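All values derive from a computational prediction rather than experimental measurement. Just so it is clear, the values below take in all heavy atoms, side chains as well, and ignore hydrogens, waters and symmetry mates. Both ligands and their constituent atoms are indexed starting at 1 by order of listing.
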Amino acid sequence: MISVQEAKRLAKKNLSEKRYEHTSNVKKLAVELARRNGVDEDKAALAAYLHDIAKELPKDRLLQILRENDIMSDNALQRAPAVWHGIVAAILAKTEYGIEDEEILSAIRCHTTGKLNMSKLDKIIYMADMASYERNYPEAASLRAHVLENLDRGTIEGLGMSIAWLKAGGKNVDEYSLAAYAQQRQQYYGGAGVSF
Ligand SMILES: Nc1ncnc2c1ncn2[C@@H]1O[C@H](COP(=O)(O)OP(=O)(O)O)[C@@H](O)[C@H]1O
């Protein structure tokens, strides 16, 4: 498996300056969240550096990688192209960078959508991406404060906000997000109804 330093170098090499800056901020928040929640900080750093590694690949290249790695494609071809880059990043992490750790691969794979049964690391990368330090939508700072205070509750808030934004923008919401949101709410708040 590659080192954190090597993952950092790969992110720098493969991403534009702006996206590298985002990635670097995701890493900072992910490591802080890992520290606060008893999660391995190196795993968080590795997943953070690699989460967007496929984001700037052209769509036809993403499609090719998904087709060539059907078994690892997590149903991508039935899902919106906007969520492909995380799945492809996990495929590259495994096949090109030798990452076998399923927790790291899962966190990279589901970073745009979440999924059922999210681990702490899945939540950390999902939320570090959504609330990273350069995000400037109005709720970004409070969402970041909330997730730093409580990972489970912050993740429910993040999933809910993302679903609401997508719906308001007339976009289809990935099934994985709807399932994650319903499950996390059920687990955290008990029987409280889901409003989506
Ligand atoms: N849960 C979702 N279901 C469907 N599409 C989504 C979902 N979350 C994000 N998207 C779409 O995927 C795009 C990329 O998401 P993401 O990787 O989180 O963006 P960013 O580049 O800001 O990190 C978003 O702009 C949005 O259109």
Side-chain angles (χ1 to χ4, degrees), residues 7 10-12 14-31 33 44-59 61-63 65-66 73-93 104-119 121-141 143-144 147 154-185 194-196:
L10 284 166
K12 217 171 207 161
N14 284 288
L15 300 176
S16 63
E17 206 173 311
K18 190 150 189 275
R19 196 167 308 282
Y20 176 72
E21 188 198 318
H22 162 67
T23 291
S24 178
N25 285 331
V26 172
K27 182 259 178 186
K28 276 186 209 138
L29 183 53
V31 167
L33 288 167
L46 267 172
Y49 276 132
L50 297 179
H51 83 285
D52 264 352
I53 204 83
K55 182 96 179 187
E56 293 171 359
L57 294 177
K59 191 175 162 189
R61 178 74 184 125
L62 295 178
L63 200 50
I65 295 171
L66 289 169
S73 74
D74 204 15
N75 222 12
L77 300 181
Q78 274 74 57
R79 301 165 66 191
V83 312
W84 291 358
H85 70 280
I87 299 165
V88 171
I91 292 172
L92 295 178
I104 298 176
L105 296 175
S106 168
I108 295 172
R109 189 182 300 121
C110 76
H111 83 262
T112 304
T113 59
K115 65 170 193 175
L116 278 177
N117 303 321
M118 289 173 84
S119 68
L121 187 59
D122 292 333
K123 292 177 185 177
I124 285 171
I125 300 301
Y126 178 80
M127 289 308 300
D129 180 35
M130 189 170 175
S132 56
Y133 293 100
E134 85 292 349
R135 297 282 192 197
N136 55 10
Y137 54 88
E139 306 89 339
L143 184 61
R144 186 160 56 243
V147 77
T155 302
I156 294 170
E157 185 179 344
L159 282 164
M161 278 170 53
S162 168
I163 292 169
W165 288 333
L166 289 162
K167 290 199 166 197
K171 292 191 179 156
N172 281 331
V173 181
D174 192 81
E175 289 296 330
Y176 282 43
S177 304
L178 296 171
Y181 184 60
Q183 183 188 45
Q184 297 296 322
R185 277 183 64 127
V194 172
S195 50
F196 292 101

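At a 4.0 Å cut-off, not a single heavy atom of His51 sits close enough to ligand 1 to count as contact. Proximity of Asn172 to ligand 1 is established by a heavy-atom distance of less than 4.0 Å.
For ligand 1, the atoms lying closer than 4.0 Å to a non-hydrogen atom of Lys55 are 14 (C), 16 (P), 17 (O), 19 (O), 20 (P), 21 (O). Interface atoms of ligand 1 facing Ser177, defined by a heavy-atom separation under 4.0 Å, are 1 (N), 2 (C).
Here atom 22 (O) of ligand 1 lies nearest to Arg135 when heavy atoms of Arg135, Arg79, Met130 are compared. Closest heavy-atom approach to atom 13 (C) of ligand 1 among the candidates Ala180, Pro81, Ala80, Ala82: Ala82. Summarising the contacts of atom 6 (C) of ligand 1 with Ile163, Asp174, Leu178, Leu166, the nearest heavy atom is found in Leu166.
The part of Asp129 lying near ligand 1 is the side chain, judged by heavy-atom distances below 4.0 Å.
Inspection of the Asn117 and Gln183 side chains reveals an N or O donor paired with an N or O acceptor under 3.5 Å. Checked by atom type, the side-chain pair Asp52/His111 shows a donor-acceptor distance below 3.5 Å. Ser132 and Lys27 form no side-chain donor-acceptor contact under 3.5 Å, judged by distance and modelled atom types alone. Counting only N and O atoms by type, the side chains of Asn75 and Tyr176 include no donor and acceptor under 3.5 Å apart. With 3.5 Å as the limit, one finds no donor-acceptor pair spanning the side chains of Gln184 and Thr155.
With hydrogens left out, the protein atom closest to atom 27 (O) of ligand 1 is Lys171 NZ, 3.3 Å, a heavy atom. Given atom 8 (N) of ligand 1, the protein heavy atom at minimum distance is Thr112 O, 3.4 Å.
Ionic pairing of Asp129 and Arg135 is present here: one or more N-O contacts between side-chain nitrogen and carboxylate oxygen are shorter than 4.0 angstrom. Note on Asp74 versus Lys115: no salt bridge recorded, every NZ/NE/NH1/NH2 to OD/OE distance being 4.0 Å or above.
A donor-acceptor contact shorter than 3.5 Å links the side chain of Trp84 to the backbone of Ala76.
Distances between N or O atoms of His85 and those of ligand 1 include at least one value under 3.5 Å.
In this structure, atom 24 (C) of ligand 1 has no protein heavy-atom contact shorter than 4.0 Å.
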